[in-house]
Amino acid sequence: QVQLVESGGGLVQAGGSLRLSCAASGRTFSNYAMGWFRQAPGKEREFVAGISRNSGSTDYADSVKGRFTISRDNAKNKVDLQMNSLKFEDTAVYYCAARYGSSFEVLARGYPYWGQGTQVTVSS
């Protein structure tokens, strides 16, 4: 089992920045690829960003490319999501997720481990 705890959410004005962090425990973190997803009210959970277990590969949803950056620190067992130039439409609950193996997935069903989520609200 991998336990994940997100932090860093909050209320921010459009154009502002937030940094989300996800702390992992329970298993060897470096064995897991990680993803960030988000879910807005009434919408499906969607892929935001992913990172391979050794940070060699990352990818982003088109809607956040150039604004968000995913990174991980295997020594500290955490993965971060730096979010810049936030827009109203970025408002959602953000989740980190883990899957065993080197490669991340863009589909939520590919991840067996999830955090509880952290709310991000962007005011326009």
Side-chain angles (χ1 to χ4, degrees):
Q1 286 282 357
V2 176
Q3 290 81 42
L4 303 171
V5 179
E6 302 96 337
S7 61
L11 174 64
V12 63
Q13 287 189 331
S17 298
L18 280 176
R19 188 176 185 89
L20 305 183
S21 189
C22 173
S25 62
R27 293 294 177 100
T28 304
F29 180 64
S30 59
N31 286 339
Y32 292 79
M34 301 297 295
W36 281 97
F37 289 75
R38 67 186 181 187
Q39 188 165 19
K43 294 189 176 182
E44 298 275 325
R45 190 168 296 191
E46 65 174 0
F47 173 80
V48 175
I51 188 167
S52 60
R53 64 182 182 185
N54 64 358
S55 302
S57 177
T58 60
D59 197 13
Y60 300 88
D62 288 343
S63 59
V64 307
K65 276 182 182 175
R67 300 188 297 121
F68 290 11
T69 303
I70 189 171
S71 61
R72 66 187 294 163
D73 186 335
N74 286 345
K76 295 183 178 179
N77 293 345
K78 68 167 190 162
V79 59
D80 291 343
L81 185 69
Q82 177 65 42
M83 305 186 296
N84 299 328
S85 302
L86 282 160
K87 304 176 180 180
F88 175 75
E89 51 264 39
D90 293 320
T91 297
V93 178
Y94 283 70
Y95 299 89
C96 71
R99 66 187 304 270
Y100 186 84
S102 60
S103 301
F104 56 86
E105 284 277 356
V106 299
L107 297 176
R109 63 172 180 262
Y111 294 82
Y113 305 109
W114 291 84
Q116 82 289 350
T118 186
Q119 177 71 46
V120 171
T121 303
V122 183
S123 61
S124 58

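Quick caveat: nothing in here was measured; it's all calculated off a predicted structure. Nothing fancy with the numbering, it's 1 onward along the sequence.
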For Gly26 and Gln3, the nearest pair of non-hydrogen atoms, with its separation, is CA-OE1, 3.6 Å
query = With a cut-off of under 6.0 Å to the ring centre and 45° to the axis, is Arg45 in cation-pi contact with Tyr95?
reply = yes
Do Tyr111 and Arg99 have side-chain N/O donor and acceptor atoms under 3.5 Å apart?
no
Exercise. Can we call the ring centroids of Phe37 and Trp114 under 6.0 Å apart?
Worked result: yes
| message | Please determine whether side chain to side chain contact (heavy atoms under 4.5 Å, CB included) holds for the pair Val122 and Gln13, giving the CA-CA distance in whole Å, both sets of side-chain angles, and the decisive distance to 0.1 Å. | response | CA-CA 5 Å; Val122 183; Gln13 287 189 331; over 6 Å; no
**Prompt:** Is there a donor-acceptor contact under 3.5 Å from the side chain of Tyr60 to the main chain of Ile70?
**Reply:** yes
I'd like to know if Asp80 pairs up with Arg72 as an ion pair, taking the criterion as any Lys NZ or Arg NE/NH1/NH2 lying under 4.0 Å from an Asp or Glu carboxylate oxygen.
no
Gln39 and Glu46: side chain to side chain contact (heavy atoms under 4.5 Å, CB included), yes or no, with the steps? CA-CA 6 Å; Gln39 188 165 19; Glu46 65 174 0; over 6 Å; no
Rounding to 0.5 Å, atoms CD (Glu6) and NZ (Lys78) come to a distance of 14.0 Å
Taken to the nearest 0.5 Å, the spacing of Gln1 CD from Ser25 OG works out to 10.5 Å
For Ser17 and Ser85, the nearest pair of non-hydrogen atoms, with its separation, is OG-N, 4.3 Å
Rounded to the nearest 0.5 angstrom, the NZ-CZ distance for Lys43 and Arg38 is 8.5 Å
Subject >> Other residues, nucleotides, ligands: >12 heavy atoms within 6.0 Å of Arg67 CZ >> reply: yes
ask   = Angle class for the Phe47/Phe104 ring planes (parallel below 30°, perpendicular above 60°, tilted otherwise)?
value = parallel
When you look at CD of Glu44, are more than 12 heavy atoms from neighbouring residues, nucleotides or ligands closer to it than 6.0 Å? no
Hey, mind stepping through Ser103 and Ser52 against side chain to side chain contact (heavy atoms under 4.5 Å, CB included) and telling me if it holds? CA-CA 5 Å; Ser103 301; Ser52 60; 5.8 Å; no
Exercise for the section: Dump the intermediate steps for side chain to side chain contact (heavy atoms under 4.5 Å, CB included) on Arg27 and Tyr100, then the final yes or no. Expected result: CA-CA 10 Å; Arg27 293 294 177 100; Tyr100 186 84; over 6 Å; no
Only one of Val120, Thr121, Asp90 passes side chain to side chain contact (heavy atoms under 4.5 Å, CB included) with Leu18, and that residue is Val120
Closest non-hydrogen atoms of Leu4 and Ala24, given as atom of the first, atom of the second and distance, are CD2-CB, 3.7 Å
Could you tell me whether Asp62 and Lys65 have a side-chain N and a carboxylate O separated by less than 4.0 Å?
yes
Those residues at least two apart in sequence (or on a different chain) that pass side chain to side chain donor-acceptor pair (under 3.5 Å) with Asp59 are none
